[in-house]
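A short write-up of the structure that comes next.
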Amino acid sequence: MSDILFIYTSNGLHKERFIISIEVKQRPKRREQRLRSDQKMAAAPETKTVHSPALTYFSMLSLLSLCPPFVILLWYTMVNADGSVAQTWNYLKQHGLQGFIDIWPRPTAIAWKIIFVYGAFEAALQLLLPGKRVEGPISPTGNRPVYKANGMAAYFVTLVTYISLWWFEIFNPTVVYDHLGEIYSALIFGSLIFCVFLYIKGHVAPSSTDSGSSGNFIIDFYWGMELYPRIGKNFDIKVFTNCRFGMMSWAVLAVTYCIKQYELNGKVSDSMLVNTTLMLVYVTKFFWWEAGYWNTMDIAHDRAGFYICWGCLVWVPSVYTSPGMYLVNHPVNLGMQLALYILVAGVLCIYINYDCDRQRQEFRRTNGKCKIWGKAPSKIEATYTTTSGETKTSLLLTSGWWGLARHFHYVPEILAAFFWTVPALFNHFLPYFYVVFLTILLFDRAKRDDDRCRSKYGKYWKLYCNKVPYKIVPGIY
């Protein structure tokens, strides 16, 4: 998923916030509702694209057309072509378009059944499990979404249930692997239909005033119509697609690949154990921190469209789990010492990534009155002017992990992905696609984050960059 973003300067209640969104042309009825809630609210927001319009449209159309077939080619290459891009390429050269059509699995009844049961189970857990009430950030139109923080409980129940079904021979997870291509095919088409539903819902039945149209069908479909779409009062669609379906499927498929290798060989290789353990540690960290995720760009700024929802329903299960998919049929014997080195290095990276986020959240929560690495944090007090002419203040953390580089937290995240992939060794490039994809994604995001902050803070951002000169990698970049 490419990160195509739009800088949106809110004219609403929180004029100081620079929100990632799209230009919204409010329909008259919704505009009247907004005006009633805040007399100072302007009728139309001011917006500009980060990239040129031509590049923006090209990127959107490319992702809409290329991501679905790529998912199938990735699955086919990992499962049927020994992970060899050259082998798949030679096949397509010989057989052309018809060859590609032949390898695309047709969605089957069992694939739809697996998806439906899994989705219904996760939806039920999201609705029914108890959890702490958590408020999200205030939206551009003044709404504050409320969530039930039961992700960790849902994660625990999901894994225990899945493994128990296998252990007591009620359901064999190898069925999921054996029908994986059909499942991905069904997800591709089903998720596209789901995105059409979101587009229509945004037009006819939006859940809140945080919705609207750009006036362009491609942008509305790709980027989404609603910021916080819900079914009823309590079922948040983005929490379901991003967290309970997408991220949860990462863990479920990691376990599936492990069980499949065991059923094939009578044992699980140390390479598969390292891969599975690190991915599960990472996903566990995510659900432990899920309430923090609800304050991030994915939930608080990105709307519910193809970019986020199709990506989490299809791209996450297929691409993010692909190193384990490869290892099923290509077990590697690392040896105890090397396996432990990789495992410890991976866990350390995941912990550092978590601690970076923890430091920043604690700094913001206490308004800078906390300890960072045992002492008072170093910070810059930045003032800036909102679109309404008000002067506001923000604190920029310049110590701890955030004193090493402005986006240092991306380093351990990329390294963690490398460490759960490196057990596959280096016979083929494709298992490392996710690492390369993640690196490009995060480096591009760091550039755009810097551009956004430079526009917001002006001279204070220059002062911050002088104090923390490196963008991502300390001493290098």
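Using a cut-off of 4.0 Å between Lys/Arg side-chain N and Asp/Glu carboxylate O, Asp451 and Arg454 are scored as salt-bridged. Note on Glu135 versus Arg133: salt bridge recorded, some NZ/NE/NH1/NH2 to OD/OE distance being below 4.0 Å.
Asn353 contributes no side-chain N or O that, together with a main-chain N or O of Cys349, makes up a donor-acceptor pair within less than 3.5 Å. Checking side-chain atoms of Lys148 against main-chain N and O of Leu129 turns up a donor-acceptor pair under 3.5 Å. Between the Ser191 side chain and the Ile188 main chain, no donor and acceptor come within less than 3.5 Å of each other. Lys238 contributes a side-chain N or O that, together with a main-chain N or O of Leu227, makes up a donor-acceptor pair within less than 3.5 Å. Looking only at distances, no side-chain donor or acceptor of Asn242 sits under 3.5 Å from a matching main-chain atom of Met247. A donor-acceptor pair under 3.5 Å is formed between the side chain of Arg406 and the backbone N or O of Val468. Remark: side-chain polar atoms of Arg144 are not paired, donor with acceptor, to backbone N or O of Pro137 under 3.5 angstrom.
The shortest side-chain heavy-atom distance between Trp294 and Asp236 does not fall under the 4.5 Å cut-off. With contacts defined as side-chain heavy-atom distances shorter than 4.5 Å, the pair Cys67/Val71 does not qualify. Put simply, the side chain of Tyr320 reaches to within 4.5 Å of the side chain of Phe437, judged on heavy atoms. Trp402 has its side chain out of reach of Ile372: every pair of non-hydrogen atoms, C-beta onward, lies at least 4.5 Å apart. With contacts defined as side-chain heavy-atom distances shorter than 4.5 Å, the pair Trp401/Asp355 qualifies. In this structure the side chain of Met248 never reaches within 4.5 angstrom of the side chain of Cys243, judged on heavy atoms. With contacts defined as side-chain heavy-atom distances shorter than 4.5 Å, the pair Asp450/Trp461 qualifies. Inter-residue side-chain proximity for His409 and Asp357 is flagged as met; some heavy-atom pair is nearer than 4.5 Å.
Between Thr158 and Glu122, the side chains place a donor N or O and an acceptor N or O closer than 3.5 Å (distance only, hydrogens not considered). Side-chain contact check for Thr398 and Tyr464: no donor-acceptor pair (N or O, by modelled atom type) lies under 3.5 Å. In this structure, a donor-acceptor pair under 3.5 Å is present between the side chains of Thr141 and Asn143. No side-chain donor-acceptor contact under 3.5 Å links Tyr257 and Asn275. If you check the side chains of Lys456 and Ser394, you find no donor sitting under 3.5 Å from an acceptor.
The two residues Ala149 and Val134 make their nearest non-hydrogen contact at CB-CG2, 3.7 Å. Summarising the geometry of Tyr155 relative to Ala251, their closest heavy-atom pair is CE1-CB, 3.6 Å, with the distance given to 0.1 Å. Across all their heavy atoms, Ala254 and Met279 have their closest contact at CB-CE, 3.8 Å. The shortest non-hydrogen separation linking Ala417 to Leu438 is CB-CD2, 4.0 Å. Listed here is the closest heavy atom pair of Ser207 and Glu226: N-OE1, 2.6 Å. Considering every non-hydrogen atom in both Thr77 and Val85, the closest pair reads CG2-N, 4.0 Å.
Atom NZ of Lys471 is separated from atom CD1 of Ile476 by 14.5 Å, given to the nearest 0.5 angstrom. Distance check: Leu63 CG to Phe306 CZ gives 7.0 Å after rounding to the nearest 0.5 Å. To the nearest 0.5 Å, the span separating CH2 on Trp223 from CG on Asp302 amounts to 4.0 Å. For the atom pair Ile414 CD1 and Leu442 CG, the distance stands at 5.0 Å (nearest 0.5 Å). Between the CZ atom of Phe121 and the OH atom of Tyr162 there is a distance of 12.0 Å, given to the nearest 0.5 Å. Distance CD1/Ile308 to CD1/Ile237: 14.0 Å, rounded to 0.5 Å.
Crowding of Phe156 atom CZ: a count of heavy atoms from other residues, nucleotides or ligands under 6.0 Å not exceeding 12. Under a cut-off of 6.0 angstrom, the local environment of OH in Tyr477 is crowded, with over 12 non-hydrogen atoms contributed by other residues, nucleotides or ligands. The local environment of OH in Tyr341 is sparse, with at most 12 non-hydrogen atoms from other residues, nucleotides or ligands closer than 6.0 Å.
With ring centers used as reference points, Phe194 lies 6.0 Å or more from Phe245. In summary, the aromatic rings of Phe70 and Trp315 are positioned with their centroids under 6.0 Å apart. Tyr384 and Tyr460 have their aromatic ring centers separated by at least 6.0 angstrom. No close placement of the Trp250 and Phe286 rings is indicated, their centers lying 6.0 Å or farther apart. Centroid-to-centroid, the aromatic rings of Tyr184 and Trp75 stay 6.0 Å apart or farther.
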**Report entry** Verdict with reasoning, Ile183 to Ile115, per side chain to side chain contact (heavy atoms under 4.5 Å, CB included)
**Finding:** CA-CA 7 Å; Ile183 291 171; Ile115 293 169; 4.0 Å; yes
Query raised in the report: Would Leu327 and Thr276 satisfy side chain to side chain contact (heavy atoms under 4.5 Å, CB included), going step by step from the backbone distance to the final call?
Result: CA-CA 10 Å; Leu327 283 169; Thr276 304; over 6 Å; no
Report task. Begin with the C-alpha distance, continue with both residues' side-chain angles, and end with the deciding distance and a verdict on side chain to side chain contact (heavy atoms under 4.5 Å, CB included) for Ile299 and Asn295. Result -> CA-CA 7 Å; Ile299 298 294; Asn295 292 277; over 6 Å; no
Query - Trace of the side chain to side chain contact (heavy atoms under 4.5 Å, CB included) decision for Glu381 with Leu395 - result: CA-CA 5 Å; Glu381 186 172 307; Leu395 295 180; 4.1 Å; yes
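Classified by interplanar angle (parallel below 30°, tilted 30° to 60°, perpendicular above 60°), the ring pair Tyr432/Phe418 is tilted. Between His428 and Tyr326, the ring-plane angle classifies as perpendicular under the 30° and 60° cut-offs.
In this structure, Arg303 forms no cation-pi arrangement with Tyr199, as its terminal cationic atom is not both closer than 6.0 Å to the ring centre and no more than 45° off the ring axis.
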